[in-house]
Amino acid sequence: MAEIPDKPVLEGLEAKWDEKWDAAGTYRFDRAAAAASGRPGVFSVDTPPPTASGSLHIGHVFSYTHTDVKVRFERMRGKSVFYPMGWDDNGLPTERRVQNYYGVRCDPSLPHDPDFTPPFEGDTKSTKAADQVPISRRNFIELCERLTVEDEKHFESLWRDLGLSVDWTQTYRTISDETIRTSQLAFLRGIERGEAYQALAPTLWDVDFRSAIAQAELEDRDQPAAYHRLAFHKSDGSGDVHIETTRPELLAACVALVAHPDDERYQPLFGTTVRTPLFDVEVPVLPHPLAQQDKGSGIAMICTFGDVTDIIWWRELDLPNRTIIGRDGRVLADPPEALATDAARTAYAEIAGKTVFSAKKRMVELLAESGELVGEPKPFTHAVKFFEKGDRPLEIVSTRQWYIRNGARDEQLRERLIELGRQIQWHPDFMRVRYENWVNGLTGDWLVSRQRFFGVPIPVWYGLDDAGQRDYSRVLTPDAASLPIDPTADAPASYTEAQRGRPGGFEAETDVLDTWATSSLTPQLAGGWQRDDDLWQLVAPFDLRPQGQDIIRTWLFSTLLRSALEDDRAPWTDAAISGFIVDPDRKKMSKSKGNVVTPADILAKHGSDAVRYWAASSRLGTDAAFDPQNPTQIKIGRRLAIKVLNAAKFVLTFPVPDEARITEPLDASMLAALDRVIAQATTALEGYDHARALEVTESFFWTFCDDYLEMVKERAYDPADPGQASAALALRTALSTLLRLLAPVLVFAAEEAWSWFAEGSVHEAGWPQSSGVPGDAAVLEAAGEALIVVRRAKTEAKVSQKTPVSRLVLGAPGPVLTALKAAENDLRAVGRVRSIEFTEAPTTQVVVIDLDTPGEV
RNA sequence: GGGCGAUUGGCGCAGCUGGUAGCGCGCUUCCUUCACACGGAAGAGGUCGUGGGUUCAAGUCCCGCAUCGCCCACCA
């Protein structure tokens, strides 16, 4: 047992205990125990893998603490805890960070350079694309791995500081070979079952990242725009039709006009054609119910493709595809065939090769010159779809992509996903609604292919026909045993590398999988799916998925989907959704603000227990305010942690005789009250209400220190008092119980104090049970009230609380008097009262108090 | 346009299945060092956003409204 320091401090506890826990394997998953108890004896967590290329902020500390509190509770209750940690090092954030960190960009056409060293290392403001050195895909990926490994070290260090009880032998990286294998295997099984398929379709496209984007990655941003009124010419020469558009640059891609079927203004035009301004292309005027009569002029031009509505019209009205925007976001060099006249081609040449922005500007000039722009453009603001990590509005281009069915076009699957969502216990429950909203709002299957470099390669090749053309109907897949594969480096079975790109040979799919297509498999990745079946049986389906509310539509939904497709069950029984951290002014905390305080700074300054206390004080699903300049809650947590150390030190000065028994009513009363606290905290933690558990425990702890401890310490000191042993035992019992109740939150202070008198870790000690001492909680309560009135009398007399009282008459209602009399000796001790009398009164009050020092009441 | 939350003393929050408002911080006053000055004690401070309704009784249930936040939406 450790020696109790003269003056206990919080400083240094984090490093000390992290090392000891690590050495003792305190948080290691005990597989033998788990195997013995089976799945019911295990508590498994599908931990969110932080984005390695990002930085951890106070919000991470917040939500991971919530999980850790629950995990520690379950561990103390005797569960074999499976609490892994993953690193999400896939995806665009990593690529982008590598580009800026090393000043490079990936050019897949370049050969590998084994001696390559990056131009520089370190975070810079940002490097312009033009300044970045082009490097091969392999060199690029090597840098991605190098940087993510570094990031992961920093992350782990922070998590250890915070005291997360993660099993650091159970980690995974989303870019590891094992992850790639699992991800590819799951995808191939999807192909076999027909859930994964490829299709040529209009696709939301980010022109900067040059990749397709899924619905779940969209976000709306308000953008300035302007209505441009354009004159289309009726083919019969009877005049013009005016439409309004925000995207005049797409005029060459116009394939029809559309108005509402009931719109009397345009009904005569249905079935006729008009000619486009400038380009003189004949397009039909068609009715469709999606056209809104009150918007613009009530008649719209359909282009391939200006927005998602265009896609619907194009599809439902069976229109031609007249694409003019390329994957680089510039107007294609060659005009569509429909542009037949020289004038049209000349006009097109004016915008060919220009960005959307420049093309729009030029088109407006040209239309103004031709007189077909009617009036001035009318500026306004509207929402435009962006890739959530992108900088420019998304375009829509027709591309061939891979998809996974998600219920958008399959009523049965959708119903099943809703049903599985309802089988999960959500904390808080209303978060389920967000999930259901998302599922019911899906407009298309999940687009999983990305035209990127760093990620899980889509594990297929395509057969080439005799002309060397790719035959998309001949998808060549690898054997499960050969995974992981890189189709650009490995050849399919029954082919040789020499046949790559040759007629009759094969060609690789070069796309990688969406990062969520891998992240959606975190239970499988951590739990040994198709790798370690015994482990999988012990941990899956998992108990808990903790995560932020912002990724319900992505991570939560996609994980549930994969589990439904693979096992037809929910991947977890419970989902705990943490809220956001907001600034004191209630705005969502933004990283871009100047005074960024890193979590490491905060932990170092206030102590991890203090920060954990702050986090644990907020309930799941509730946003919490955080003011780095004035972290009130953290300071309170710090005070509590220090108090725990000091109270423990004090309690431990009273040795407990072997034969000690609870004999005093006040001691029994305190323990009975503590039993209630145990029951309340346990119920709260079972229901994921860590804030409630902490509140009741903390509240009792202060009563324990301020009232009980003060009342019994004289008795505990006094060997002549027959109640001494009872006091010592009660104090020790309460200390042991309180430390265990507080251990999930104040992990370091509780462990430190525990080490002063007990063997082993408090975090492996059993969760406290009722002491079963038959006590009347009313005694402590009544004594507490009496204490207050006596203290008040002394305060009002402006004397020290230690001032002796020669005579005290306490008044109280009958039942309270009975309870007070049971604690009479302790009351006399704490009040320094020589003589005490009791009398009936409507409320607890001081009737007479005679102080030994001058002063009167 | 649809939905989900929130609205309780200066600030941050509790108030579970309805019975005349609690906690912490801050504030005021007082007490020092025999566990804790990174301390202790006492006190002041609220007609629970708003308008209706149900009930003997409503922060607590029902309906409408307002403000704030978030999610979703086919946003020419």
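Here the structure is a predicted model, which means the values were calculated and not measured. Protein chains get the first letters and strands the later ones, always in sequence-line order, with residue 1 at the start of each.
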**Asked** Does a nitrogen or oxygen in the side chain of A/R434 sit under 4.0 Å from OP1 or OP2 of B/G3?
**Response** no

**Message:** Surrounding CZ of A/R265 (heavy atoms of other residues, nucleotides or ligands, distance under 6.0 Å), is the total greater than 12?
**Reply:** yes

**Message:** What's the gap between B/U67 and B/A14 when it is taken at their P atoms, as a whole Å value?
**Reply:** 24 Å

**Message:** I'd like the P distance from B/G59 over to B/A41, given in whole Å.
**Reply:** 33 Å

**Asked** Does A/R247 or A/I788 map to a spot on RNA chain B nearer the 5' end, using the closest nucleotide for each?
**Response** A/I788

**Message:** With rounding to the closest Å, how many angstrom separate the P atoms on B/C23 and B/A44?
**Reply:** 12 Å

**Request:** In whole angstrom, give the distance that lies between atom NZ of A/K713 and atom P of B/G40.
**Result:** 12 Å

**Message:** Applying a 4.0 Å non-hydrogen cut-off, can you work out what A/W614 is touching in the nucleic acid: base, sugar-phosphate, or nothing?
**Reply:** nothing

**Message:** If I pick the C1' atom on B/G5 and the same atom on B/G18, what distance separates them, to the nearest angstrom?
**Reply:** 23 Å

**Prompt:** In whole Å, what separates the P atom of B/C61 from that of B/A6?
**Reply:** 10 Å

**Message:** I need a per-nucleotide contact map over nucleotides 15-34 of chain B, read 5' to 3'. Cutoff is protein heavy atoms under 4.0 Å; write B for the base, S for backbone only, - otherwise.
**Reply:** S--------SS-----S--B

**Request:** Step through it carefully: locate the ring centre of A/W205, locate the ring centre of A/F387, and say whether they are under 6.0 Å apart.
**Result:** no

**Request:** Tell me which of A/V433 and A/R791 sits closer to the 5' end of RNA chain B, going by the nucleotide each one is nearest to.
**Result:** A/V433

**Message:** Within the 4.5 Å heavy-atom criterion, are A/M363 and A/L278 side-chain neighbours or not?
**Reply:** yes

**Message:** Considering every strand and a 4.0 Å limit on heavy-atom distances, what is the contact class for A/D310: base, sugar-phosphate, or nothing?
**Reply:** nothing

**Asked** According to the salt bridge (charged side-chain N to carboxylate O under 4.0 Å, His left out) rule, which pairs have a member within residues 291-310 of chain A, sequence neighbours left out?
**Response** none

**Asked** Is A/E388 salt-bridged to A/R221, cutoff N-O under 4.0 Å?
**Response** no

**Request:** May I have the distance from A/E714 (atom CD) to B/A35 (atom C1'), rounded to whole angstrom?
**Result:** 13 Å

**Message:** Counting the atoms with a prime plus P, OP1 and OP2 as sugar-phosphate, which does A/Q549 contact under 4.0 Å by heavy atoms, base, sugar-phosphate, or nothing?
**Reply:** nothing

**Prompt:** When rounded to the nearest Å, what value does the distance between C1' atoms of B/U20 and B/G15 take?
**Reply:** 15 Å

**Asked** Is there a donor and acceptor pair, one atom on the side chain of A/E796 and one on the base of B/A41, closer than 3.5 Å?
**Response** no

**Prompt:** In whole angstrom, what separates A/Y613's OH from B/G12's C1'?
**Reply:** 11 Å

**Message:** Without decimals, in angstroms, what is the distance between A/L787 CG and B/A42 C1'?
**Reply:** 12 Å

**Item:** Whole-angstrom distance between B/G9 and B/U28, as gauged at atom C1'
**Value:** 16 Å

**Request:** May I ask you to say what A/R638 touches in the nucleic acid, namely base, sugar-phosphate or nothing, with a heavy-atom cut-off under 4.0 Å?
**Result:** base

**Asked** Is it true that A/R832 and A/E714 make a salt bridge, defined as a side-chain N closer than 4.0 Å to a carboxylate O?
**Response** yes

**Prompt:** Got a sec, which residues hit side-chain hydrogen bond (donor to acceptor under 3.5 Å, both in side chains) with A/E372, two or more places apart in sequence or on another chain?
**Reply:** A/H233, A/S370

**Message:** For a quick check of understanding: with a heavy-atom distance under 4.0 Å over all strands, which category does A/A291 fall into, base, sugar-phosphate or nothing?
**Reply:** base

**Fill in**
Contacts satisfying side-chain hydrogen bond (donor to acceptor under 3.5 Å, both in side chains) that involve residues 690-705 of chain A (not counting sequence neighbours) are A/Y613-A/E698

**Asked** Going by the angle between their ring planes, with limits at 30° and 60°, are A/F62 and A/W614 parallel, tilted or perpendicular?
**Response** tilted

**Message:** In this structure, is the centre-to-centre distance between the rings of A/F557 and A/W516 below 6.0 Å?
**Reply:** no

**Asked** A/F704 vs A/F700 aromatic rings, parallel, tilted or perpendicular, using cut-offs 30° and 60°?
**Response** parallel

Give me, pair by pair, the N or O atoms of the protein and of nucleotides 72-75 of chain B that are less than 3.5 Å apart, along with how far apart they are.
from, atom 1, to, atom 2, distance (Å)
B/C72, OP1, A/R553, NE, 3.3
B/C72, OP1, A/R553, NH1, 2.7
B/A73, OP1, A/Q215, NE2, 3.0
B/C74, O2', A/T309, OG1, 2.8
B/C75, OP2, A/Q292, NE2, 3.4
B/C75, O2', A/H382, ND1, 3.3
B/C75, O2, A/A383, O, 3.3
B/C75, N4, A/K385, NZ, 2.3

**Message:** Need the glycosidic conformation of B/G53: syn if within 90° of 0, anti if not. Which one?
**Reply:** anti

**Item:** Lys/Arg N to Asp/Glu carboxylate O, A/R715 vs A/D826, below 4.0 Å
**Value:** yes

**Message:** Less than 3.5 Å apart, any donor N or O on the side chain of A/S578 or A/H66 sitting next to an acceptor on the other?
**Reply:** yes

**Message:** Roughly how many Å apart are B/G12 and B/G49, using the P atom of each and rounding to a whole number?
**Reply:** 15 Å

**Request:** Calculate the interatomic distance between A/L250 atom CG and B/A76 atom P; express it in whole Å.
**Result:** 12 Å

**Message:** For RNA chain B, report each stem as range with range, ordered by first number, or say none. Use Watson-Crick or G-U wobble pairs under 3.5 Å, at least 3 in a row.
**Reply:** B:1-7 with B:66-72, B:10-13 with B:22-25, B:27-31 with B:39-43, B:49-53 with B:61-65

**Asked** In whole Å, what is the span from the CD atom of A/E244 to the C1' atom of B/A76?
**Response** 9 Å

**Item:** Atom pair CG (A/L810) and CD (A/Q845), whose distance is rounded to the nearest 0.5 Å
**Value:** 9.5 Å

**Prompt:** Once you round it to whole Å, what is the distance between P of B/C13 and CG of A/D627?
**Reply:** 12 Å

**Complete:** In whole angstroms, the gap separating P of B/G1 from CG of A/D294 amounts to 12 Å

